[in-house]
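Data first, discussion second: the structure below is written as structure tokens.
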Amino acid sequence: MTWTIPNILSVMRLFAAPMVAVMFLYFERPYADWFALMLFLVAAVTDWFDGYLARLWKQETKLGAMMDPIADKAMVVIALMVIVGYSSMSPWLVLPATVILFREVFVSGLREFLGDTAGTLKVTKLAKWKTATQMVAIAFLFGQGVFEHYLGMSAWGMDLALFDQIMAGEVEDLQGLRWKHTGMVWSGWVGLLLLWIAAALTAITGLDYFNKAKPHLKD
């Protein structure tokens, strides 16, 4: 195995994936959301950076080719698990997350079954767009958690009628409730929209891989 800088970045990203969940075990919210968001953003940046450096320095290796998609899948799957777990199982979030998780397991199973002929399931440009969309969506959804908990902390113990008056602009917003609420709503909607787009791309690429694998599945 060749331990180049791109390969080291891929391995670090792989080990960073479970740390997203660990943040919620050892830290209270919204600090856990902040740490998970920062960790996820750093991992997403290194996902692009390690591939770029490998191509730039001509250091593309078998280890990197194996670790890169595994690290991506681990990061996405664990992050979605955490987000769904803290979302009160919202069906609007559970359904696209289920499509994404099913596809990852299905394609991984196909590649394992095909063995030496798994090269027929090379990563396509659409699959790369799928991964990028997933990561941006997850970043927005983590951001929603940050806004939501800062809003809750600012409004803690506040009378509901007073909260409504502040949100309606009838009372001066001294604690920034309106911008926190706006951030929560917009990050949630953008994240959810992107997650549904990612789920659609996930389903399309999964079907594409299945069609490519069909000739090898015949008895």
Side-chain angles (χ1 to χ4, degrees), residues 8-50 67-68 70-101 104-105 130-158 160 163 166-167 173-199 202:
I8 293 172
L9 289 175
S10 294
V11 172
M12 289 175 61
R13 195 166 75 256
L14 177 63
F15 284 105
M19 295 305 296
V20 171
V22 170
M23 294 299 103
F24 289 84
L25 297 178
Y26 290 97
F27 297 97
E28 295 182 356
R29 304 182 74 183
Y31 306 110
D33 298 85
W34 265 119
F35 294 143
L37 175 60
M38 293 299 103
L39 193 62
F40 191 83
L41 288 176
V42 170
V45 170
T46 58
D47 179 32
W48 174 85
F49 207 56
D50 61 15
M67 294 298 298
D68 192 60
I70 293 175
D72 289 344
K73 287 177 173 57
M75 184 62 70
V76 168
V77 167
I78 293 173
L80 282 177
M81 177 192 71
V82 171
I83 290 170
V84 169
Y86 282 95
S87 70
S88 300
M89 301 301 288
S90 167
W92 292 101
L93 191 58
V94 170
L95 183 57
T98 300
V99 172
I100 291 171
L101 296 180
E104 300 300 355
V105 173
K130 175 266 301 179
T131 301
T133 307
Q134 287 176 353
M135 291 192 168
V136 175
I138 290 170
F140 270 101
L141 291 171
F142 273 132
Q144 180 192 21
V146 172
F147 281 115
E148 180 181 0
H149 280 79
Y150 276 117
L151 176 64
M153 290 166 64
S154 299
W156 180 259
M158 183 178 293
L160 182 59
F163 179 83
I166 293 174
M167 297 305 296
D173 185 12
L174 298 176
Q175 295 176 300
L177 298 182
R178 285 200 295 272
W179 70 262
K180 292 169 186 173
H181 182 267
T182 300
M184 179 189 74
V185 171
W186 276 100
S187 57
W189 277 110
V190 172
L192 195 59
L193 175 63
L194 289 174
L195 192 66
W196 276 89
I197 293 173
T202 297

Practice task
Please list, chain by chain and in numerical order, all residues satisfying side chain to side chain donor-acceptor pair (under 3.5 Å) with Gln134, sequence neighbours excluded.
Solution key: Thr202
Practice task
Measure the spacing between CG of Leu141 and CZ of Phe40 and express it to the nearest 0.5 Å.
Solution key: 9.5 Å
Problem - No-hydrogen, no-angle side-chain donor-acceptor test under 3.5 Å, Tyr150 and Trp179 - result: no
Practice task
Report yes if the side chains of Met19 and Val22 come closer than 4.5 Å at any heavy-atom pair, otherwise no.
Solution key: yes
Handout entry: OH on Tyr86 to CD on Glu148, rounded to 0.5 Å
Key = 12.5 Å
Handout entry: Summary of salt bridge (charged side-chain N to carboxylate O under 4.0 Å, His left out) pairs that have at least one residue in residues 12-23, sequence neighbours excluded
Key = Arg13-Asp47, Arg13-Asp50, Arg13-Asp68, Arg13-Asp72
Exercise for the section: Check the angle between the aromatic planes of Phe24 and Phe142 and answer parallel, tilted or perpendicular using the 30° and 60° thresholds. Expected result: parallel
Fill in the blank from the handout: Between the CH2 atom in Trp92 and the CG atom in Leu192, the distance rounded to the nearest 0.5 Å is 8.0 Å
Practice task
Determine, stepwise, if the pair Ile100 / Leu195 fulfils side chain to side chain contact (heavy atoms under 4.5 Å, CB included).
Solution key: CA-CA 9 Å; Ile100 291 171; Leu195 192 66; 3.7 Å; yes
Fill in the blank from the handout: Rounded to the nearest 0.5 Å, the NZ atom of Lys180 sits from the OG1 atom of Thr182 at a distance of 12.0 Å
Fill in the blank from the handout: Here the gap from His149 atom NE2 to Trp156 atom CH2, rounded to the nearest 0.5 Å, amounts to 11.0 Å
Handout entry: Residue Met12 excluded, over 12 heavy atoms near CE under 6.0 Å
Key = no
Handout entry: Trp196: which of Thr133, Leu95, Val99 passes side chain to side chain contact (heavy atoms under 4.5 Å, CB included)
Key = Leu95
